[in-house]
Amino acid sequence: MAKQKTLTLSINQPLDLGLTLNSGQAFRWHKKDEWFYGTISNMLVGIKQEDKYISILVDEYLPPEHQDTVKNSVKTYLRLDDDLESIYKWISTDDIIKQAIATYRGLRILRQEPWECLVSFICSANSNITRNSSVLKSIAREYGDPLSLGDHIDYTFPRPDRLASLGEDPLRKLGLGFRAKYVASASLMVTAGDLDLSSLMEMPYDEAKENLIRLPGVGEKVADCVLLFSLDKMEACPIDRWVRRAFENWYSIEENLKYNALRTWAFERWGTYAGYAQQYLFQQIRLNSKTYSTV
DNA sequence: ACCATACCTCTCTC
DNA sequence: AGAGAGAGGTATG
């Protein structure tokens, strides 16, 4: 078993690592003995939150000159460049959201790798977090490249051309159901260059979204997830059943409004940080209803 | 342009 | 225990 060493990354930002990695943004993190294991920039790392810093577990033989690269990758992934206190002030428009912020302080939006993020949310359609998590782990286990860290094994997420070469059936066997054909076909389009994911980061929100929606299995909601969780579009505000319910129950928003009416409402209220507001409300209403059902 | 319905099948619940 | 409902939506008619 290969040895490991620990890097230290100091933080001066609110952070609740466990909450952030389990908030339904990313689906492949695995917790073991206080460490969260997963891949960042195609590298397997362990991450653990200490008091004022983050410990990062890496291979013992990681060259010293790469240590800063790893730290920066983690920093980028956790969006430690976001000034959360300012964002809190910005979105604290009412008592509802103030309470959500107080309860889930340190919940951050992630900056994920766009391709995996895209597939993750195509697969999330009419599914649930538990199931989606198992589907994405299966895709990586079957078709990604193995990585090891100590006695830990994980996998890179397969690139578009790899998934494109599979076709629909192998994906169905992994439990994707009707989403298999969307992933297969989106993979083909990305491989063919019909959509250049890396170019979306520089486009304005609307333009990037139009481009994403051209892919099969990508509608308004999935596009907004990809824009928010991987493409730096913090005004993207994915509205799923939960967030819709939160708007209706807590903000007296009329029922059955169309997606874009809700999104416009959210943007008028929270502006360029609507995505952050959405994440806190999502967390609040999802965990609230969980407690109700178990009582 | 809108609106209802089907879609795979896994998970959780009663 | 085993069936039944519901699941972070999208495509289609």
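Below, read A as the first sequence line, B as the second, and so on, with proteins coming before strands; counting in each chain starts at 1.
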Provide a list of protein-nucleic acid N or O atom pairs under 3.5 angstrom, restricted to nucleotides 3-7 of chain C.
from  : atom 1 : to       : atom 2 : distance (Å)
C:dA7 : OP2    : A:Arg241 : NH1    : 3.0
C:dA7 : O3'    : A:Ser127 : O      : 2.5

**Item:** Inter- and intrachain pairs under side-chain hydrogen bond (donor to acceptor under 3.5 Å, both in side chains), touching residues 215-237 of chain A, at least two apart
**Value:** A:Arg79-A:Asp232, A:Arg111-A:Asp232, A:Tyr205-A:Asp224, A:Lys209-A:Glu220, A:Lys209-A:Asp224, A:Glu220-A:Asn260, A:Asp224-A:Tyr259
Residues in side chain to side chain contact (heavy atoms under 4.5 Å, CB included) with [X], at least two apart?
{"X": "A:Lys32", "value": "A:His30, A:Tyr37, A:Asp151, A:His152"}
{"X": "A:Pro63", "value": "A:Glu65, A:His66"}
{"X": "A:Ser92", "value": "A:Lys98, A:Ile101"}
{"X": "A:Thr130", "value": "A:Asn128"}

Look at the side-chain heavy atoms of Ile, Leu, Val, Met, Phe, Trp and Tyr, link any pair under 4.5 Å apart, and say whether [X] and [Y] land in one connected group.
{"X": "A:Phe267", "Y": "A:Leu227", "result": "no"}
{"X": "A:Trp265", "Y": "A:Tyr280", "result": "yes"}
{"X": "A:Leu147", "Y": "A:Trp115", "result": "no"}
{"X": "A:Met234", "Y": "A:Leu118", "result": "yes"}
{"X": "A:Ile109", "Y": "A:Leu287", "result": "yes"}

**Request:** Can you run through DNA chain B from 5' to 3' and write each base as (, ), [, ], | or . depending on how it pairs? Watson-Crick or G-U wobble, both distances under 3.5 Å.
**Result:** ..|||||.||||||
Round to a whole Å and report the spacing from [atom1] of [X] to [atom2] of [N].
{"X": "A:Leu287", "N": "C:dG8", "atom1": "CG", "atom2": "P", "answer": "12 Å"}
{"X": "A:Asp169", "N": "B:dC8", "atom1": "CG", "atom2": "P", "answer": "12 Å"}
{"X": "A:Leu227", "N": "C:dG8", "atom1": "CG", "atom2": "P", "answer": "21 Å"}

Table of protein N/O atoms under 3.5 Å from nucleotides 1-3 of chain B N/O atoms:
from  : atom 1 : to       : atom 2 : distance (Å)
B:dC2 : OP1    : A:Lys258 : NZ     : 3.4

Using a cut-off of 4.0 Å on non-hydrogen atoms, how would the nucleic acid contact of [X] be classed: base, sugar-phosphate, or nothing?
{"X": "A:Lys173", "result": "nothing"}
{"X": "A:Glu168", "result": "nothing"}
{"X": "A:Ser23", "result": "base"}

Listed pairs, N/O of protein and of nucleotides 10-13 of chain C, under 3.5 Å:
from   : atom 1 : to       : atom 2 : distance (Å)
C:dT10 : OP1    : A:Gly219 : N      : 2.8
C:dT10 : OP1    : A:Gly219 : O      : 3.3
C:dT10 : OP1    : A:Val222 : N      : 3.0
C:dA11 : OP1    : A:Gly217 : N      : 2.7

**Asked** Hey, is A:Arg28 close enough to A:Asp154 for a salt bridge, meaning N to O under 4.0 Å?
**Response** yes
**Asked** Is A:Ser124 reaching over with its side chain to a backbone N or O of A:Phe121, donor-acceptor style, under 3.5 angstrom?
**Response** yes
Which pairs of donor and acceptor atoms, one on a side chain in residues 170-196 of chain A, lie under 3.5 Å apart (sequence neighbours left out)?
from     : atom 1 : to       : atom 2 : distance (Å)
A:Arg172 : NE     : A:Glu168 : OE2    : 2.9
A:Arg172 : NH2    : A:Glu168 : OE2    : 3.3
A:Arg179 : NE     : A:Cys123 : O      : 3.3
A:Arg179 : NE     : A:Ala125 : O      : 2.7
A:Arg179 : NH1    : A:Leu176 : O      : 2.7
A:Arg179 : NH2    : A:Ala125 : O      : 2.9
A:Arg179 : NH2    : A:Asn126 : O      : 3.2
A:Lys181 : NZ     : A:Phe178 : O      : 3.4
A:Ser187 : OG     : A:Val183 : O      : 2.7
A:Thr191 : OG1    : A:Pro160 : O      : 3.4
A:Thr191 : OG1    : A:Asp161 : N      : 3.4
A:Thr191 : OG1    : A:Ser187 : O      : 2.6
A:Asp196 : OD1    : A:Ser198 : N      : 3.2
A:Asp196 : OD1    : A:Ser198 : OG     : 2.8

Could you tell me how far [M] sits from [N] if I compare only their [atom1] atoms? Round to whole Å.
{"N": "B:dA4", "M": "C:dG8", "atom1": "P", "value": "22 Å"}
{"N": "C:dG6", "M": "B:dT5", "atom1": "P", "value": "15 Å"}
{"N": "C:dA5", "M": "B:dA6", "atom1": "P", "value": "15 Å"}

**Asked** Under 4.0 Å between a side-chain N or O of A:Arg286 and OP1 or OP2 of C:dG8?
**Response** no
**Request:** Please check the phosphate of B:dT11 (OP1 and OP2 only) for any side-chain N or O of A:Ser134 closer than 4.0 Å.
**Result:** yes
**Item:** DNA chain C contacts among residues 271-284 of chain A, heavy-atom distance under 4.0 Å
**Value:** A:Gln278, A:Phe282
**Message:** Using every non-hydrogen atom in the two residues, find where A:Gln67 and A:Lys5 come nearest and quote the distance to one decimal.
**Reply:** NE2-NZ, 3.2 Å
**Message:** Side-chain heavy atoms under 4.5 Å apart, restricted to Ile/Leu/Val/Met/Phe/Trp/Tyr: what other residues fall into the cluster of A:Val58, or is it alone?
**Reply:** A:Leu7, A:Leu9, A:Ile11, A:Leu15, A:Leu17, A:Leu21, A:Trp29, A:Phe36, A:Ile40, A:Met43, A:Val45, A:Ile47, A:Ile54, A:Ile56, A:Leu62, A:Val70, A:Val74, A:Tyr77, A:Leu78, A:Leu80, A:Leu110
**Message:** Which label fits A:Tyr273 and A:Trp90: parallel for a plane angle under 30°, tilted from 30 to 60°, or perpendicular past 60°?
**Reply:** perpendicular
